[in-house]
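Shown next, in structure tokens, is the structure this report addresses.
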Amino acid sequence: MIMTGMLVTLVAIAFGRLAYGLILPFMRTGLGLSYQQAGNLGTASALGYFCFVMLAGMLAARRGGRATILLGTSLMTIGFAGLSAAENYSLLLALMLLLGFGTAFAFTPVISLLASWFPARRGAVIGTTNSGIGLGMVLAGALVPYLSSAYEVNGWRITWMIFAAVAASTTLAVFAFLRNPPVQGASTVHARVVPGQVSVYKNRHVITVGLLYGVVGLTYITQAIFMYSFALESGVPALTAGRLTAVLGVLSIFASPSWGWLSDRFGRAPTLTTAVSLTLVGTLIPVIWPTLPGFVLHYVIVGCTVSGMFTSILAASSESVQPHQAPLAVSFVTLFYAAGQFIGPALSGLIIEYTGDFRPAFAISCLIMSGGIYLSWQLRKLGKERQSV
């Protein structure tokens, strides 16, 4: 089940959300898109995610995560296949929106489903599942530059088609291997209303986790979509930049379960404070030093730390709620993340287009990330209050 969960995160996040930043330069050239239009495509995907992430949580809580995940991976298969052939900008927007729908129905339900199977080790399990994101970025970081060099005109289209094939295979794996947790099947699959739904939305701990996830969504999606282009504009060869992205992915594969273990052992708040602080440093380096060594440091540091933010946040989201409320809690905090992803690409694309420089966008991203450090410390305070009650 965990291996299948890794495949789902690989398709939903690595291929469905993050790989777009790698494909973007070649896709933009092939279709004659501006940076603002490219940013709008990223925003369309985030909008689909934002609109349906809560519905996905409700559907998973009422009808079971397995059916919801199957719907998500099926939608992504259609979206990838459509992007491989699309020419019209309006159709591209619609297909990116569809990818966002698919990501919403696949990612948060698989996280809450696996966390429900292994409640005592949720950090490690979520970390291992999220290592699929790193594996996906390794594959994308190697695949995109190679195909774009071998097939200059249609390399990016072939990439989307390969993503569609992997998504279709993942759908079959979900059907064969994923099962709903016994407690969920007994208590909530046939329920019309999820008990305590409103209490999840009023939970201070869940809200704080959600705000922090919003900061991560806004800042990391900017890095994922535009850092590769920033490296190319700064004189880093495309093949080298692709290898750096692959290095980030390799590091994430091992870092994600490690951060999960650390969060289980030392607590979510200290782990998050450390991960967010290091990610801020890694993002700031290319702003100050936009050279090959600067980008190497960025990708190495972020590769070691960003998975710690995702893993610890997702593990923290369901800690203060009842087990049957876990899908709602995960979806609720992910709503903030989706809002950040919705704002980030369009805002960053506009700043880059207006200034003609990538550095102001990433400098603002670092400033926002400093707010994430404050929220991480707030989680420590709320945790102490919960223990004293």
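A donor atom on one side chain and an acceptor atom on the other are not found under 3.5 Å apart for Thr219 and Ser365. For the residue pair Thr222/Ser348, the side-chain donor-acceptor check at 3.5 Å is satisfied.
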Can you give each donor-acceptor pair under 3.5 Å made by side-chain atoms of residues 11-20, sequence neighbours left out, with the distance rounded to 0.1 Å?
residue, atom, partner, partner atom, Å
Arg17, NE, Gln341, OE1, 3.0
Arg17, NH1, Ser45, OG, 3.0
Arg17, NH2, Gln341, OE1, 3.0
Tyr20, OH, Ala38, O, 2.7

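The 12-atom threshold is exceeded at OH of Tyr89, counting heavy atoms of other residues, nucleotides or ligands nearer than 6.0 Å. Within a 6.0 Å radius of CZ in Arg359, other residues, nucleotides and ligands contribute 12 heavy atoms or fewer.
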Intermediate values then yes/no, side chain to side chain contact (heavy atoms under 4.5 Å, CB included), Leu22 and Thr159: CA-CA 10 Å; Leu22 295 175; Thr159 302; over 6 Å; no
With side chain to side chain contact (heavy atoms under 4.5 Å, CB included) as the test, would you mind laying out the steps for Thr73 and Leu7 before giving the verdict? CA-CA 10 Å; Thr73 54; Leu7 271 177; over 6 Å; no
Side chain to side chain donor-acceptor pair (under 3.5 Å), that's the test. Do Thr129 and Thr9 meet it? Break it down for me. CA-CA 7 Å; Thr129 304; Thr9 60; over 6 Å; no
Give the C-alpha distance, both sets of side-chain angles, the deciding distance and a yes or no for side chain to side chain contact (heavy atoms under 4.5 Å, CB included) between Tyr337 and Tyr49. CA-CA 9 Å; Tyr337 175 75; Tyr49 194 34; 3.6 Å; yes
Between Ser252 and Met137, is the side chain to side chain contact (heavy atoms under 4.5 Å, CB included) condition met? List the steps. CA-CA 9 Å; Ser252 296; Met137 290 309 295; over 6 Å; no
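To the nearest 0.5 Å, atom CG of residue Leu10 and atom CG of residue Asn130 are 11.5 Å apart. Annotation: the span from Gln378 atom CD to Arg204 atom CZ amounts to 8.5 Å, rounded to 0.5 Å. In this structure, the separation between CG on Leu280 and OG1 on Thr305 is 10.0 Å, given to the nearest 0.5 Å. Note that OG1 of Thr271 is 11.5 Å distant from CD1 of Ile313, once rounded to the nearest 0.5 Å.
The two residues Leu232 and Ala241 have their closest heavy-atom pair at CD2-CB, 4.1 Å. Scanning all heavy atoms of the two residues, the minimum distance from Cys304 to Leu251 falls at SG-CD1, 4.0 Å. Nearest approach of Ile253 to Gly134, heavy atoms of both residues: CG1-C, 3.6 Å. Of all non-hydrogen atoms in Ser131 and Met6, the two that sit nearest each other are OG-CE, 3.3 Å. Heavy atoms only, all atoms of each residue included: Ala168 and Thr77 are closest at N-OG1, 3.3 Å. Smallest separation of non-hydrogen atoms from Ser376 and Ala269: O-CB, 3.7 Å.
Aromatic ring orientation, Phe358 versus Phe362: parallel (interplanar angle below 30°, classes split at 30° and 60°). Using cut-offs of 30° and 60° on the angle between ring planes, the pair Tyr213 and Phe310 is perpendicular.
Formation of a donor-acceptor pair under 3.5 Å by the Trp117 side chain with backbone atoms of Ile2 is not found in this model. Under the 3.5 Å distance criterion, the side-chain polar atoms of Ser370 are matched with a main-chain donor or acceptor of Leu367. Judged purely by atom type and a 3.5 angstrom limit, Arg66 has no side-chain atom pairing as donor or acceptor with the backbone of Asn180. Not a single donor-acceptor pair under 3.5 Å links the side chain of Ser263 to the backbone N or O of Arg268.
Contact of the Val209 side chain with the His205 side chain is registered, since non-hydrogen atoms from C-beta on lie closer than 4.5 Å. Within the 4.5 Å cutoff, the side chain of Tyr374 has no heavy atoms near those of the Val215 side chain. Side-chain contact check for Leu41 versus Leu33: some heavy-atom pair is nearer than 4.5 Å. The side-chain heavy atoms of Met227 and Phe295, taken from C-beta on, include a pair separated by under 4.5 Å.
Using a 4.5 Å cut-off between side-chain heavy atoms of Ile, Leu, Val, Met, Phe, Trp and Tyr, with links allowed through other members, Leu278 and Val287 fall into different hydrophobic clusters. Note on Val250: it clusters hydrophobically with Tyr146, by side-chain heavy-atom contacts below 4.5 Å among ILVMFWY residues. At a threshold of 4.5 Å between side-chain heavy atoms, the hydrophobic network of Ile, Leu, Val, Met, Phe, Trp and Tyr places Tyr220 and Val247 in one connected group.
Evaluated for a side chain to side chain contact (heavy atoms under 4.5 Å, CB included) with Phe105, the options Ile69, Leu75, Leu70 yield exactly one hit, Leu75.
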